[in-house]
**Student:** 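The structure under discussion is supplied below as structure tokens; questions concerning it will follow.
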Amino acid sequence: MNTNIWLIRREFWENRAIWMIPAIFGTLLILGALFGQISIPRLTTPEQMHEAAAAYQVIVGAMFYVVMSVYATWYLLDCLYADRRDRSILFWKSLPISDAKTVLSKLIVGMVLIPLVYYAVADATALVGAFILSIRARASIGGALWQPDVWWQIQVLWVYCIVTTALWYLPIAGWLMLVSAWAKRAVMLWAVLPPLVAFILERAIVGTQVIGHVLLVRLAGLPYVAFNGANLEWTEGKGIVDIDGVPASVWHLINPSGFFTSADTWIGAAVGAALIVAAIQLRTRRTEV
Amino acid sequence: MAPLIEARDLTKKYGQFVALDRANLKVEAGRIVGLIGPNGAGKTSALRAILGLTDYEGQLTVLGREPFRDRTALMNDCCFIADVAVLPSWLRVDQAIDFVAGVHPRFRRDRAAAFLAKTQIGGKRRMRELSKGMKTQVHLALTMAIDAKLLVLDEPTLGLDILARRSFYDALVNDYMDETRTILITTHQVEEVENLLTDIIFIDKGRIVLDASLEDVATRFAAVAVTGDRLDAARAERPFYERQILGKVVLYFDSVDAGRLAPFGEMHTPSVSDLFVAKLSGGVA
């Protein structure tokens, strides 16, 4: 096996929370499905059933996505700092592994592998949960949750979300890793404070809000850039439809052409890459806490 | 053959503070070299530079490479233990072996396993569960299983009890050292290593005070115990340090012919620790 694979394995050894948090979260959801109170109104039309299946899958996925976002943020902020805090950086640096490889392995774990783990666990949880709910509420929903086409659409949505999230939040990830490679303590504070101070100073001194706007777009703008909500609307009895009245699918929802041609996407990615290069430089020079 | 380590005007500054001040040193292959100095003398800065962990001014080559630019490649032929407490607490012993075996082309798993088999340390134990002495043994097992040309040890026995220290150095000399290897050790506890060194480098306030093999030390330096009446005559030979013990004055000479010193009193080669004190106490007391 090559060095990169070992570096990835090391991250999974060190951070068992990568799979334990989603596993525990999934188990809790399944316990909720098993023993919780459920009251689902009777579904009659195929459209209602279809929509219920989609809503169920999206809600389960969204919950995992939120937990994943919080954990991945923490992971990226801690990953380079942890080695300096316990001084194990001196052990890692005694091995013939470049700092660039080390930093990139952590980036890939944070931006690709952690989301993939959550994706797999979310899928498994949704399937087991659907099985349980279908039995417990068979009178009202019957086989409504078993809709292969909905399931396939959710897979597309997950993969699309992972790709767009990784690209869109690359500057955030780069910033977190830079702080992680640099800060002597209080990484959380150092991650939040400088942008906050820059925002306040700009507003107070210059009177403009450019930084605030950039930060807002970056933090909250992904749904607007990557998804396509404008042409969809909710119609009684039919669920969400597009302008021609055709029931909406994931293909209506996602907007890859918009996302991948947006200047914001690529400017952000370039900034992210620059921050990661800076984090590698710091990792090369800084061995103390 | 070119020296394994060669530094010329090696300088390292931290802001205003000069940790290394135009230091020159050479380490030849096959030697066990002690880099000795008081706390804060620049030992760790020198090692950091040699290991490519820090940037520096001046010229430095280690195994023919520039350490800071070439650390990754350098670590194929050089390994180091920088204090024992640096193995991460979450790492299991078997994971540590797997990892190093996976990333290090010169690691020999059978050797690490054989070394660990002599200890009571199980493969499933995590570093946080091990005592400091056990951690040292694990670290040593990992390091000694690497066919490296240069081994660097930075205060390797700090915080260890006397039994663990002794077994550390015994393992180093008996199981590891051979003519193909070179060891560089820093310590501020001279007594502990003086029996195993072949060369010494004294460092003080960022400058190299002495860089010599022990054979050189034996021919160059002499300590003479002088009694009262011959003291003035002995002092005329310009000792670089003197101290009083039990009514006698011991004078330390550098490069003075033994024949000239013999008449003054009992003469011997100073031990490394005595020489260290003599050199670093600065001038005639």
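Note on naming: letters A, B, ... go to the chains in the order of the sequence lines (proteins, then strands), and numbering restarts at 1 for each one. Note that the structure is a prediction, hence the values are computed from the model and not measured.
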**Student:** To the nearest 0.5 Å, tell me how far A/Ser94 OG sits from B/Leu151 CG.
**Tutor:**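 These two atoms lie 10.0 Å from each other.
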
**Student:** Keeping the roles fixed (side chain from B/Arg71, backbone from A/Ile97), state whether a donor-acceptor pair exists under 3.5 Å.
**Tutor:** yes

**Student:** Using 30° and 60° as the class limits, which term best fits the ring planes of A/Phe91 and B/His139: parallel, tilted or perpendicular?
**Tutor:**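 Aromatic pair A/Phe91/B/His139 classed perpendicular.
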
**Student:** Report the distance from atom CD of B/Gln95 to atom CH2 of A/Trp6, rounding to the nearest 0.5 Å.
**Tutor:** 9.5 Å

**Student:** Considering non-hydrogen atoms only, spot the tightest contact between B/Phe80 and A/Lys93 and give its length.
**Tutor:**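 Heavy atoms of B/Phe80 and A/Lys93 come nearest at CE2-O, 3.7 Å.
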
**Student:** Which heavy atom of A/Trp92 sits nearest a heavy atom of B/Pro88, and at what distance?
**Tutor:** CZ2-CG, 3.5 Å

**Student:** Any side-chain heavy atom of B/Val86 within less than 4.5 Å of one from A/Arg87?
**Tutor:**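 Side chain of B/Val86 against side chain of A/Arg87, heavy atoms only: contact under 4.5 Å found.
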
**Student:** Which bit of B/Arg92 is near chain A, if near means a heavy-atom gap under 4.5 Å: side chain, backbone, both or neither?
**Tutor:**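 Neither; nothing under 4.5 Å.
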
**Student:** For A/Ile89, which atoms come within 4.5 Å of any heavy atom of chain B: side chain, backbone, both, or neither?
**Tutor:**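 For A/Ile89, no heavy atom lies under 4.5 Å from chain B.
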
**Student:** Under 4.5 Å from any heavy atom of chain B, what part of A/Asp83 do you find: side chain, backbone, both or neither?
**Tutor:**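 For A/Asp83, neither part sits under 4.5 Å from chain B.
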
**Student:** Picking from B/Thr143, B/Val100, B/Thr72, which has the most non-hydrogen pairs under 4.5 angstrom with chain A?
**Tutor:** B/Thr72

**Student:** Got more than 12 heavy atoms from elsewhere within 6.0 Å of CH2, B/Trp90?
**Tutor:** yes

**Student:** Please classify the contact of B/Leu53 with chain A as side chain, backbone, both or neither, using a heavy-atom distance under 4.5 Å.
**Tutor:**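 For B/Leu53, heavy atoms of backbone and side chain both lie under 4.5 Å from chain A.
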
**Student:** Do B/Asp55 and A/Arg285 have side chains that approach each other closer than 4.5 Å (heavy atoms only, starting at C-beta)?
**Tutor:** yes

**Student:** For the interface with chain A, which of B/Ile146, B/Asp98, B/Leu142 has the highest count of heavy-atom pairs at distances below 4.5 Å?
**Tutor:**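 Maximum pair count with chain A is reached by B/Asp98.
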
**Student:** For B/Leu91, is it the side chain, the backbone, both or neither that has a heavy atom under 4.5 Å from a heavy atom of chain A?
**Tutor:** side chain

**Student:** Nearest 0.5 angstrom please: B/His104 NE2 to A/Thr3 OG1, how far?
**Tutor:** 10.5 Å

**Student:** Are there residues of residues 107-129 of chain B whose heavy atoms fall under 4.5 Å of chain A's heavy atoms? If so, which?
**Tutor:**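 Residues in range: B/Arg126.
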
